[in-house]
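We name chains A, B, ... by the order of the sequence lines, and we start the count at 1 in each one.
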Amino acid sequence: MAREAAELPPKETLSLWIREQAQLKALVVDRDTEAWQRDPGFSGLQRVGGVDVSFVKGDSVSACASLVVLSYPELEVVYEDCRMVSLTAPYVSGFLAFREVPFLVAAVRRLREKEPGLVPQVLLVDGNGLLHHRGFGVACHLGVLTDLPCIGVAKKLLQVDGLENNTQHKEKIGLLRAGGDSFPLTGGSGTVLGMALRSHDHSTKPLYVSVGHKISLEAAVRLTRGCCRFRIPEPVRQADIRSRDYIRRTLGAPTPPAPGQDRSQKVQRPKGGSEELEDEGRPPEAHGQGPETAESPRHTRPAAASVEPSCAQ
DNA sequence: GCGACAG
DNA sequence: ATCTTGTCGC
């Protein structure tokens, strides 16, 4: 039952969110902190993570949050965690993290508990880092809350601080000749907020890379490039593919019955009729079931009186 | 009224 | 984010 789109938050909520972003932003580290980041070939880097959230078609609440870990430099998936979640916050440009990040933090926590040896050394995040209205995009947010190095990888330019996807910008894109070519995205303040990167020889549309946490912009761009078999970096791409697949497999049985819990969430299975093309009857497996929900409405809780990272490495 | 708007 | 399979091209 597709719940209705969450309404735009009241302005008090937005001001709380802005305050929380400002407090957490003070904790961002925008330089290399790990030895492998300085190495030309990233020697010492073995695991790169990717996160993504995919949505159910007619439903603005149900989604699948996924975390994958790939080996480096082989870029083979060595860990996958997909989980259905119930989003509470609506999408508001500039506040993406408040919608998605609680579930991504939870995924990282599960990984730390179950497979500490597979915790990634860096996370590629679908969205921006410092390239953001207030310099604190989802990649920064997730980085601070997990204390993991994070890179923001956006597919579209966030037009902020004077940055515009205008004719001049498109001209610069046209000058990107080969995979790895890039140019800086300089905000009105003169600060370099990120880089436009041609991630692949056969890709015209650039990626917009920015620092999330505990990595320099130079290393962030170089690593993003090093993760691209196609336009989208493999960790993010795999997280996206697998979360979508998970949703497809879950659609036929939206409410996985947890043993011992007969919370009848009324979900009508497709009737005998030819309502829908069924996938191969693949029972929900591997990971936990039951939509999880972000704890109590964020907007009712006072902004972080304490701004400590919830997970320390 | 019109344009902008990461995912 | 999502709506959508096959098809054309390198």
Are A:His169 and A:Phe183 close enough that their ring centres sit under 6.0 Å apart?
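A:His169 vs A:Phe183: aromatic centres under 6.0 Å.
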
May I ask you to say what [X] touches in the nucleic acid, namely base, sugar-phosphate or nothing, with a heavy-atom cut-off under 4.0 Å?
X        : value
A:Asp126 : sugar-phosphate
A:Val56  : nothing
A:His202 : nothing
A:Gly94  : base

Report the distance from atom [atom1] of [X] to atom [atom2] of [N], rounded to the nearest whole Å.
X        : N     : atom1 : atom2 : answer
A:Glu164 : B:dC5 : CD    : C1'   : 14 Å
A:Leu131 : B:dG7 : CG    : P     : 11 Å
A:His133 : B:dG7 : NE2   : C1'   : 12 Å
A:Met195 : B:dA6 : CE    : P     : 22 Å
A:Phe55  : B:dG7 : CZ    : C1'   : 6 Å
A:Ile232 : B:dA6 : CD1   : P     : 15 Å
A:Arg99  : C:dT2 : CZ    : P     : 11 Å
A:Arg248 : C:dT5 : CZ    : C1'   : 11 Å

C:dT4 to B:dG3 separation - P atoms, rounded to the nearest Å:
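So the two P atoms sit 27 Å from each other.
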
In whole Å, measure the gap between the P atoms of C:dT5 and B:dC2 for me.
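Those two atoms are separated by 35 Å.
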
Give a yes/no verdict on a cation-pi contact between A:Arg222 and A:Phe42, requiring under 6.0 Å between NZ or CZ and the six-membered ring centre and an angle within 45° of the axis.
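Yes, A:Arg222 sits over the ring of A:Phe42.
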
Is it true that A:Arg237 and A:Glu234 have a side-chain N and a carboxylate O under 4.0 angstrom from each other?
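The answer is yes: the pair qualifies as a salt bridge.
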
Give a yes/no on whether any side-chain N or O of [X] is located under 4.0 angstrom from OP1 or OP2 of [N].
X        : N     : answer
A:Tyr91  : B:dA6 : yes
A:Lys155 : C:dA1 : yes
A:Arg244 : C:dT2 : yes

Given A:Asp30 and A:Lys214, is the salt bridge (charged side-chain N to carboxylate O under 4.0 Å, His left out) satisfied, shown in steps?
CA-CA 6 Å; A:Asp30 61 350; A:Lys214 286 190 163 185; over 6 Å; no

By nearest atom, which of the nucleotides B:dA4, C:dA1, B:dA6 is closest to the A:Gln159 side chain?
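Nearest listed nucleotide: B:dA4.
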
For A:Asp32 and A:Ser216, test the side chains for any donor-to-acceptor distance below 3.5 angstrom and give the result as yes or no.
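Looking only at side-chain atoms, A:Ser216 and A:Asp32 do form a donor-acceptor pair, the distance falling under 3.5 Å.
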
